[in-house]
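Everything below concerns the one structure shown next.
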Amino acid sequence: MDFVIFILIAAIAVFIIAVRLNSNGSVYKYISKNAGSIYDKVAPYSFKEIRQKVKDLGQEYTKKQYAIQATVFSVGAFLVSYLYFYNIIISIVYACIAICVIPYLTYLRCKRVYSEFIFEQIQVYTTNVIMEFGTTQSFVKALEGVYESGVLEDPVLSDVKTMIDLAYENGTVDASLEFMNNKYDFFIVRNMHQLFLQITNEGSKNSADALENMSLDIDMLVENVYRDRLDRAEFHKKFLQFGIVLYLLVMLVQMLLSTETYINLIHTNTLVFFLLHGIIIVNTAFLLSGEKYYNENVGAE
């Protein structure tokens, strides 16, 4: 009987690990898809500055929300681990570990909010520069118009001011464009700057049509990004539900046995005891990987 129980628990562990490692599975693809995060693109802004911006945007959690989050995490971890080990001390340890995860999740969430804010600002920057250029026919004057319009916020606002200063200092827009391209490495930024560089250096009789096409491309990209955010948010809910179900698979073992037999097994079989810990650790890593992907990849490119 002990051997059969061990096989059942081992099968659950293998299933969870297989889901985590299966490169052909949609869940794994969602988590491990290689895509650069916007946070890396807007370095060197520190997390302290990022969190301050999140507070300024009014999207930082209140103390009450953090307290609720800590309560939910600790109670959830306590109950799940107790169903695994029926040991209050072990459950308390897992509850404390669950609370310690909250700062990491806060870090991820703030990066996502900040990344979405930066992308929205880049959209405003590119769209308005194109509109201003249509009136002024000067890239520097277009930058000045956008800077003075009040549609931008820091840090993008300050960076546009730097672009203007570099243009007057060097007498060309080359240094300004290079500065902005390196700071915000988006396709829409680079493509727009390349177009303005060609118009400035070479001239173009059809610049109006080219700028109109660029504006349409930006609108299409923005639409795709927001649609992607909605899809990812919906899939994120399903992903969390799936992860919770993985935690509860061990209940299948207890459905086939009496609670007394199960408790006796985990107290007498060290291998099963550590295998259950492994199931919790692997599944937790699985969920954290999904959270990292969801909060870092906002689908901007």
* Assess whether atom CZ of Phe274 is packed by more than 12 heavy atoms of other residues, nucleotides or ligands within 6.0 Å. =>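 Not more than 12 within 6.0 Å, no.
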* Would you please indicate if the ring centroids of Phe286 and Phe239 are separated by under 6.0 Å? =>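 Yes, close enough.
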* **Counterpart residues, salt bridge (charged side-chain N to carboxylate O under 4.0 Å, His left out), relative to Glu144 (two or more places apart)** =>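 Expected list: Lys141.
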Hydrogens and angles aside, do [X] and [Y] bring a side-chain donor and acceptor to less than 3.5 Å of each other?
X      : Y      : answer
Gln59  : Tyr114 : no
Ser91  : Tyr84  : no
Glu260 : Asn264 : no

* To do: Apply the test ring pair (Phe, Tyr, Trp, His ring centres under 6.0 Å) to residues Phe85 and Phe273: give CA-CA distance (whole Å), side-chain angles for both, the deciding distance (0.1 Å), then the verdict.
  => CA-CA 8 Å; Phe85 304 104; Phe273 180 78; 5.4 Å; yes
* Does any N or O in the side chain of Ser176 come within less than 3.5 Å of the main-chain N or O of Ala167, such that one atom is a donor and the other an acceptor? ->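 A pair under 3.5 Å: yes.
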* If every non-hydrogen atom of Cys110 is compared with every non-hydrogen atom of Arg51, which pair is closest and at what distance? ->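 Shortest heavy-atom separation between Cys110 and Arg51 comes out as SG-CG, 4.1 Å.
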* **Audit row: His277, Tyr94, ring pair (Phe, Tyr, Trp, His ring centres under 6.0 Å) steps and yes/no** => CA-CA 10 Å; His277 281 292; Tyr94 272 108; 5.8 Å; yes
* So, are Glu49 and Lys53 salt-bridged, with charged N and O less than 4.0 Å apart? ->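 Salt bridge between Glu49 and Lys53, a charged N being under 4.0 Å from a carboxylate O: no.
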* Any side-chain heavy-atom pair of Leu195 and Phe133 under 4.5 Å ->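 Leu195 does not reach Phe133 side chain to side chain.
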